[in-house]
Structure formats: C-alpha cells, structure tokens
Amino acid sequence: MNQTSPRHLSLKPIILCLLLIALAAPSFSLSTAKETYDIVIVNGRVIDPESGLDAVRNVGVSAGTIKAITSDSLNGRTVVDAKGLIVSPGFIDLHQHGQDEENYRYKVMDGVTTALELEVGTGDVDLWYALHEGKAIINYGVSVGHLAARMAAMKDPVEFLPTHEAARRAATDDEISEMKAFLERGLRRGAVAVGFGIQYVPQASHWEILEMFRVAAQFGASCHVHLRNAGLKEPASSTQALEEVIAAAAITGAPLHVVHVQSSGGKNTAKLLQMISEARSRNVDVTTECYPYIAGMTDIKSAIFNEGWQEVFGINYGDLQWAATGERLTKESFERYRKQGGMVAVFSMTEEVVETAVKNPLTMIASDGILENGKGHPRTAGTYTRILGKYVRERGALTLGDALRKMTLMPAQRLERRVPSMKNKGRLRVGSDADVVVFDPQTVIDKSTYDEPAKYAEGMKYVLVNGVLVVKNGQLQTDVHPGRAVRAPYSN
Ligand SMILES: [Zn+2]
C-alpha cells in the first residue's frame, strides 16, 4: 500500500516549485542579506526632520545616495560606528560668502555639506560654477546679484561690495533696464536665486528694487535680501526696510528671504519676526535666517559706515573690531582704515536679541561667513556647532530636532521650487543625497573666536558629501572633492 510506483507521481508541480525557488532565491539574497553598501553608518540616533524619525537605525549608502535606513543589520565595505552619536542630514548654509578651499574646510568641520552664496551672489554665473567644478569638498551654488548688476550698469570696477558709483547715486531708467537684463541672463544660466544688499546701495529707489523683484518672480527665484536699514529710529528704521521688501514680494509675487534678521533688526528683531509671521499668514512667501553672534562683519569702506552710523546702530568706535589685527577702533584708526578698506566686526547686538532670533520657529540658521587667510568672523567656522553646543545643549533654548530642522529641511525647502534637486537634500530618507553628518551631541561646540576665527569646530566625527567621507574620525580629509553644483535647471 505504501509503495507507489514513481510513474503515478506527477513531477510537474515539484519541478515548478523548484523552479520558483531557484528564481526567487537569488533576488532574495541580493536585496537583503548579501547586499554590500559602499558605507554603512551603524547604531546611530538617526534624526530626519521631514519624516520625524528619531530612533537608532543603520544607514546604507551607495553611489552617493541613501539606499537603506533600517533596524536590520547591514553590510558595508566601510563601516562607521555611530553608537552614541547623532546621524543627521548635512547642514545647508544659504549665506556663505567665502567660497574656496580654505572656507570649505572650516564649513565642513562645522557640519555644513552645502554652502551657497545667495546674498551678494555673482555677476557671471557660468564662470562662477566653472571655477568650482571638481574642486570643492562640499556642495556649492550662487545667486545672481543685484549689487553686481548695479556695478555693471554703472561701469564700476568689479568689487565684492560697491564703493564707487553704485554705492553713491540713483540709477537712470536705462541703467535699471540694464540691471534687469543682467539678472535675467544670470537666471537663464541657472542662478539659484537673486541676491540683494540694499544697505550697500542706499540710493537704489523703491522702484528699482521692485523692478528687480519682477525679474525674480518670472523665474520663481527667491530674493535674498540684506535690508535697506538696520536702525531703530524713523525714518530709516529696519521696520520700514522690511515693509519695503514684503511689499515688493506681495506686489510682484517673488519669494522673499530676509538675511540675518537679527543683525538688521537689532533690538527690533522680535518686531521684524512678528511682521514676517503676519505676512506669511496673508500668504506672502517670506522666510528668514539668523546667525548666533552678537557682532556682524562688513567692509569698513561700504555705505554702511556713511555719516551718522553711530546713531543708526546705537554704537561707537570702540564697538568696532578690525578683523586683520583684532584691535578695537578709535576715531583716528576708523578714519585711517575707512580709506584703506577691509573687514571690521560690528558689535551691535545683544545675547537677548540673538536668542530671540535663534529660538523663533521661523528662522533658518545661516552663517554669513567669510575667511580670508585665516582672518574674518568666527561665524564662518562655528555657526552650526555653536547652535548645537551653546543654544541646544548648554542653554536648552531650543530642542535638537528644532535646531536640525533650521539647518537642513527648511533651507532645502526654501530653494526647491526653483532648484528641484534640493528635494533630495536636507533629508535622511531612501533616495536622498548622501550628505550626512555624524556628531557627538555631548561635545559638539564651536572653537572659533573674534580673535582666532580660523579654528575648527569640534564634535563632527564623520561627514559625508555625496556619499564620500570628507571627515573621518574627526579628521578632515583634504584629498577628496565630492562637492557638486547646486544650480537651477538651465539650457545651453
Ligand atoms: Zn548682509
């Protein structure tokens, strides 16, 4: 009874089953157990401001992209042990003037994986990108600048900030038309945004600014504006200056981004933030940013130090510090350096103002950084770690999650309408660019000071840019240049 002739068995289903197992097995092993990623970051506390993920996970990275975020174990050719460390999207700085190897090194040690020059910008978008291609540790990008457009229209020499005609006089109608064409050319070449430093060109009319916003609106480009005034008194108050550009955004439809709200706002900062919040509630597209320092920095030759600056800012000579030597100024040295030109730190804010700005849910974090031969403002090398160390850990002024949102997701979202590739930055999810920072929340801190601005921040243990380790075990890697252009779509 038990013996069955093989002839009575149909082999077909068995063969079919074996075939199915054989077909299924390789793909099963490929997609999980045997996949080897370029880099895996294991056992870190992974924080993603977009999804709200905040949990211990393993992250798999291959070919510059996040491929896996999982509780399962992962294999990698390189394994980064992130136990006890935070794993976050790399920081995006919307306001970084210094765009060279020296600056990028300090940025990356501060956790910045994308540094964009959007306030002053450039006049020649193609040349700017060509100069950085293949040479940058981190991602880079630029706006086309109204200052550059104005200097070109007035036949001034090319300067970082205008000190000739463009700084001194009103534009003719023809010059305004030339500026519009200049901005349009830059935007057609993929400029990320349009930059403004209205305080540096005080004779620019309200109509001139409106005309520039109209061009930006046509391209869906955000206008990154250093406000016309920083003063507390009417007229020429920062309140009035903010009204000017909120009105321009409402009239033209161009998105507005107010740079360093705390340095333009000073003791008015809370009022400016209230105005921005109210404008947003009326569907005006306006955002803002701040940096965590009580001093600003700018060129002593610029129009900011025109007659009456003491009253405007409520400060005096002794509140200025010459960047090259660290000396505080007097009337005599101010006048000497004003003729010469150069960077000067301006101690015009209070800790209270800075904390108000840092805590406000509307502000992104942006550095306004620039170092030249190791001289400059400590914000270049310390803005982000200072937020994490001083404002999150030491003072508890804001949560780690809120701080990271201000450094990652918010700046990415600001630009993604015009630059769709920004949808893959500022997030840690499968498919996003592998710009990742791994830092120690217990030790992360800035080390740069006004006297010694070129000191690397501490606490960034690993930093990835497009899947390449640029900081390894706290050590900067100087032989890799994985940074890519952040640029709006353009056609040749
Ligand atoms: Zn500025």
Side-chain angles (χ1 to χ4, degrees), residues 93-99 103 115-122 142-151 159-163 166-167 192-202 204 209 212 222-231 236-238 241-242 244-245 248 256-266 268-269 272-273 276 286-306 309 312-313 315 320-321 323 341-349 353-354 357 363-372 376-380 383 411 414 453:
D93 190 347
L94 297 183
H95 193 156
Q96 167 64 23
H97 298 296
Q99 293 277 339
N103 279 270
L116 308 175
E117 155 60 295
L118 302 185
E119 181 210 44
V120 171
T122 187
V142 75
S143 67
V144 60
H146 168 241
L147 294 178
R150 205 169 205 270
M151 287 186 273
E159 295 177 285
F160 177 60
L161 298 173
T163 62
V192 169
V194 179
F196 292 84
I198 308 178
Q199 197 171 13
Y200 298 106
V201 287
I209 300 305
M212 303 306 126
S222 43
C223 294
H224 293 244
V225 180
H226 175 134
L227 297 175
R228 184 183 291 276
N229 308 308
S237 68
S238 56
L242 181 56
E244 173 186 23
V245 283
L256 166 65
H257 181 81
V258 178
V259 304
H260 49 53
V261 68
Q262 89 300 346
S263 81
S264 289
N268 266 347
T269 296
L272 299 194
L273 289 165
I276 290 170
V286 45
T287 55
T288 191
E289 62 176 50
C290 66
Y291 55 79
Y293 293 88
I294 60 164
M297 179 170 283
T298 195
D299 192 330
I300 199 168
K301 255 179 129 176
S302 74
I304 282 183
F305 293 105
N306 285 354
W309 59 267
V312 166
F313 301 118
I315 56 171
L320 305 180
Q321 182 173 336
M343 288 300 196
V344 66
V346 187
F347 287 82
S348 59
M349 293 161 265
V353 163
V354 170
T363 54
M364 302 171 201
I365 306 302
S367 74
D368 197 3
I370 183 168
L371 281 180
E372 287 172 307
H377 191 295
R379 64 194 177 195
T380 313
T383 288
R414 189 3 126 207

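Whatever order the structure lists ligands and atoms in, that order sets their numbers, starting from 1. When a residue number appears, it is its place in the shown sequence, counting from 1.
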>> One pair to check against ring pair (Phe, Tyr, Trp, His ring centres under 6.0 Å): Phe160 and His97. What are the steps and the verdict?
In response: CA-CA 10 Å; Phe160 177 60; His97 298 296; 5.3 Å; yes
> Tell me, which protein N/O/S atoms are under 2.8 Å away from the Zn ion (ligand 1)?
Replying inline: Glu119 OE2, His226 ND1, His260 NE2
> Between the main-chain N or O of Gly98 and the side-chain N or O of Glu117, is there a donor-acceptor pair closer than 3.5 Å?
Replying inline: no
>> Among residues at least two apart in sequence or on other chains, which ones pass side-chain contact (heavy atoms from CB on, under 4.5 Å) with Thr122?
In response: Val125, Trp128, Val142
>> Please tell me whether Gln262 and Thr269 have a donor and an acceptor in their side chains that are separated by less than 3.5 angstrom.
In response: no
> Would you call the rings of His260 and His226 parallel, tilted or perpendicular, where under 30° means parallel and over 60° means perpendicular?
Replying inline: perpendicular
> Does Arg379 count as lying over the ring of Tyr293, i.e. NZ or CZ under 6.0 Å from the six-ring centre, within 45 degrees of the axis?
Replying inline: no
